[in-house]
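The structure displayed is predicted, hence computed values, not measured ones.
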Amino acid sequence: MKKHSLYTPLLAAMCCLMWALTGCSRDNDIVIPQASVDRVNINSVTVGDEMVFTGTNMHLITKMTFGTVEAEMNVNLGSRDRNMLKVIVPALEATANVQLTATYNTNKKLVICQELEVIVPPVIPTVSTQLSGEVMSGDVVELQGANLQIIKSIKVNSQAVDIRTKNATGLSFIAPEVTTSTAATVILVYDNSLGADQTLTISGQLTIKPVPVAKVYEWNDVIIGGQATEFSFFDGTTGQAYSACALFANQSNIDFLMNVSSAGENQFYDPSNTGNVLKNQKCDGKALGTADGKDYSVFQDTSTKFLILSATDEVQAALINKVKNKEITEFTEALFDGITAPASRTPKNFEVGDVVWYYNATKQKNGLIEIKGVTAGTTVQENTIKMHVYFEK
């Protein structure tokens, strides 16, 4: 009896299985399309240029990279042309030779051009403003134009000045100090791809005038108070109200003082009329000029007279308006034409809005006071007057 080998059918079955598997694999191969780009015959491009590429399966390209900078692309692959691709050359920091590559199928790369010169055109600032007219030292000068963000400094007649504001379309600076009226040429300094310290001279010319030297002292919202308020003695030169304790060291500077009468009236007092009033002021509990034993004759030799201007008098009303409109730039005789000189030694009954002319005959200087506020308290310490003061230099 002939024996049958078990290996024969098993081997035959394995062969059939291998054949079957091999046949299935060949029938279902997945072919991955490849992109290709035709040769580019361009050696140089400029930022902003449109480049047109041709080839096959170009809709698969997801990136076009100029060196390390990617160009913007339509990422909707389904709407893209299979045989053509348009790309705008992206902005580089500076002109350079770069490798141009295309990426497709996520990570497949094609070198389109080994060395492509990408030219970055120089940024040139322009100014549309033409300089003309006059400005004062310290005024803001504004310029309009394009690409002004690259300006790094401004020179006015070769003098560097501070840039106040700067953006692409606007620039401003402060007119420098001058001692005489000066014709000014303005030059802008910038860097670009052509080199450092490029210059642009602005067309036209500007006249810079010096700030007028003030001929008056002007003091706003000065508070002066009655006795025991620590600020009763006023100095028009410094705009400061001194305390009783500070009077002795400053008595030659004081123009007048404030006192509150026994009837509760706020009064300005001529220093030469303070024989009985000065003792109302106390320092460290001692009355001035009596208990403290100090000599206040310098203060009491000062003669100051006052006049509360009348709003019903046409000439005086005109001066009142000048004070309130801040038009006092200097003291001249013409300023007081037609007004009787101050004669009161103790003006009182002030109201908000009153304007007082005072004359310190010892200093031979004038002052004008606008009463801004009057406080009449239940005690002497609460009585105050708020003043806007002009005093002659």
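Hydrophobic cluster membership is shared by Ile154 and Val135, with clusters built from Ile, Leu, Val, Met, Phe, Trp and Tyr side chains linked at under 4.5 angstrom. At a threshold of 4.5 Å between side-chain heavy atoms, the hydrophobic network of Ile, Leu, Val, Met, Phe, Trp and Tyr places Val161 and Val186 in one connected group. Under the 4.5 Å side-chain heavy-atom criterion for grouping Ile, Leu, Val, Met, Phe, Trp and Tyr, Val380 is not connected to Leu247 through any hydrophobic cluster. Cluster membership for Ile328 and Val355, using ILVMFWY side-chain heavy atoms within less than 4.5 angstrom, is shared. The hydrophobic clustering, which links ILVMFWY residues whose side-chain heavy atoms are closer than 4.5 Å, places Leu288 and Phe231 apart.
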May I have the step-by-step check of side chain to side chain contact (heavy atoms under 4.5 Å, CB included) for Val156 and Ile208, ending in yes or no? CA-CA 10 Å; Val156 178; Ile208 302 176; 4.0 Å; yes
Applying ring pair (Phe, Tyr, Trp, His ring centres under 6.0 Å), run through Phe299 and Phe233 and close with a yes or a no. CA-CA 10 Å; Phe299 169 70; Phe233 301 87; 5.7 Å; yes
Mind running side chain to side chain contact (heavy atoms under 4.5 Å, CB included) on Phe234 and Tyr358 for me, showing each step along the way? CA-CA 12 Å; Phe234 179 70; Tyr358 78 90; 3.9 Å; yes
In sequence, state the C-alpha distance, the side-chain angles, and the governing distance for Glu330 and Lys215, and then conclude on salt bridge (Lys or Arg N to Asp or Glu O under 4.0 Å). CA-CA 5 Å; Glu330 63 179 316; Lys215 296 181 179 180; 3.6 Å; yes
Checking side-chain hydrogen bond (donor to acceptor under 3.5 Å, both in side chains) for the pair Asp38/Thr54: CA distance, chi angles, key distance, verdict? CA-CA 6 Å; Asp38 296 337; Thr54 58; 2.6 Å; yes
Phe350 and Phe268: CA distance, side-chain angles, deciding distance, ring pair (Phe, Tyr, Trp, His ring centres under 6.0 Å) verdict: CA-CA 10 Å; Phe350 299 107; Phe268 288 156; 4.6 Å; yes
Before you tell me yes or no, could you show the steps for Ile371 and Glu351 under side chain to side chain contact (heavy atoms under 4.5 Å, CB included), namely the whole-Å CA-CA distance, both residues' side-chain angles and the distance that decides it to 0.1 Å? CA-CA 7 Å; Ile371 305 298; Glu351 296 182 0; over 6 Å; no
Show your working on side chain to side chain contact (heavy atoms under 4.5 Å, CB included) between Val47 and Val118 and close with a plain yes or no. CA-CA 7 Å; Val47 170; Val118 178; 4.0 Å; yes
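Put simply, CZ on Phe173 and CG on Asp139 are 10.5 Å apart, with the number rounded to the nearest 0.5 Å. The CD atom of Gln34 sits 8.5 Å away from the CG atom of Asn57 when rounded to the nearest 0.5 Å. The structure places CG of Leu92 at 12.0 Å from OG of Ser193, a figure rounded to the nearest 0.5 Å. A distance of 12.5 Å separates CG in Leu171 from CG in Asn147, rounded to the nearest 0.5 Å. In this structure, CD1 in Ile224 is found 7.0 Å from CG in Leu257, a value given to the nearest 0.5 Å. Met258 contributes atom CE, which lies 6.5 Å from atom OG1 of Thr384 (distance to the nearest 0.5 angstrom).
Contact detail for Asp81 and Asn83: the closest heavy-atom pair is OD1-N, 2.7 Å. The shortest non-hydrogen separation linking Ile61 to Met73 is O-CE, 3.5 Å. Closest approach of Val45 and Ile42 over heavy atoms only: CG1-CG2, 3.8 Å. Residues Arg345 and Phe306 approach most closely at O-CE1, 4.0 Å, considering heavy atoms. Minimum interatomic distance between Phe391 and Lys365 (heavy atoms only, all atoms of both residues): CZ-CB, 3.7 Å. For Ser203 against Thr129, the heavy-atom pair with the smallest separation is OG-O, 4.2 Å.
A 6.0 Å sphere centred on NZ of Lys86 holds no more than 12 heavy atoms belonging to other residues, nucleotides or ligands. More than 12 heavy-atom neighbours from other residues, nucleotides or ligands sit within 6.0 angstrom of CD on Glu50. The number of heavy-atom neighbours closer than 6.0 Å to CG of Asn276, taken from other residues, nucleotides and ligands shown, is 12 or below. The number of heavy-atom neighbours closer than 6.0 Å to CD of Glu177, taken from other residues, nucleotides and ligands shown, is 12 or below. For NZ of Lys326, the number of neighbouring non-hydrogen atoms (other residues, nucleotides, ligands) closer than 6.0 Å is greater than 12. For Asn43, the CG atom counts as loosely surrounded, since its 6.0 Å shell holds 12 or fewer non-hydrogen atoms of other residues, nucleotides or ligands. Under a cut-off of 6.0 angstrom, the local environment of NZ in Lys166 is crowded, with over 12 non-hydrogen atoms contributed by other residues, nucleotides or ligands. More than 12 heavy atoms of other shown residues, nucleotides or ligands fall within 6.0 angstrom of atom NZ in Lys363.
The backbone N or O of Gly353 lies less than 3.5 Å from a partner atom in the side chain of Lys324, making a donor-acceptor pair. No donor-acceptor distance shorter than 3.5 angstrom exists from the side chain of Ser272 to the backbone of Asp301, with no hydrogens or angles considered. At distances below 3.5 Å, at least one donor-acceptor pair connects side-chain atoms of Asn157 with backbone N or O atoms of Thr185. At least one donor-acceptor pair closer than 3.5 Å links the side chain of Asp255 to the backbone N or O of Gly236.
Side chains of Gln267 and Val277 form no contact here, defined as non-hydrogen atoms less than 4.5 Å apart. Contact annotation: the side chain of Asn167 never approaches that of Gln149 to less than 4.5 Å [non-hydrogen atoms, C-beta and beyond]. Contact of the Asn259 side chain with the Ser232 side chain is not registered, since no non-hydrogen atoms from C-beta on lie closer than 4.5 Å. A heavy-atom distance below 4.5 Å is found between the side chains of Val111 and Gln99. Counting heavy atoms from C-beta on, the side chains of Thr237 and Asn253 never come closer than 4.5 Å. Side-chain contact between Thr302 and Asn360 is present, with heavy atoms from C-beta onward closer than 4.5 Å. The side-chain heavy atoms of Leu60 and Pro33, taken from C-beta on, include a pair separated by under 4.5 Å. Contact of the Val356 side chain with the Leu368 side chain is not registered, since no non-hydrogen atoms from C-beta on lie closer than 4.5 Å.
A side-chain contact (heavy atoms from CB on, under 4.5 Å) with Val222 holds for exactly one of Lys386, Gln240, Lys372, Met387; it is Met387.
Residues that satisfy the side chain to side chain donor-acceptor pair (under 3.5 Å) test with His59, not counting sequence neighbours, are Arg82. Every residue two or more places apart in sequence or in another chain that forms a side-chain contact (heavy atoms from CB on, under 4.5 Å) with Pro210 is listed here: Val178.
Checked by atom type, the side-chain pair Lys305/Ser303 shows a donor-acceptor distance below 3.5 Å. One side chain, Ser44 or Glu117, offers a donor N or O that lies under 3.5 Å from an acceptor on the other. Neither side chain, Thr62 nor Thr103, offers a donor N or O lying under 3.5 Å from an acceptor on the other.
The side-chain tip of Lys393 points at the ring of Tyr217 from less than 6.0 angstrom away and within 45° of straight on.
Between Tyr296 and Phe248, the ring-plane angle classifies as perpendicular under the 30° and 60° cut-offs.
Val140 belongs to a hydrophobic cluster whose remaining members, ordered by chain and number, are Ile174; membership requires side-chain heavy atoms of ILVMFWY residues under 4.5 Å apart, directly or through intermediates.
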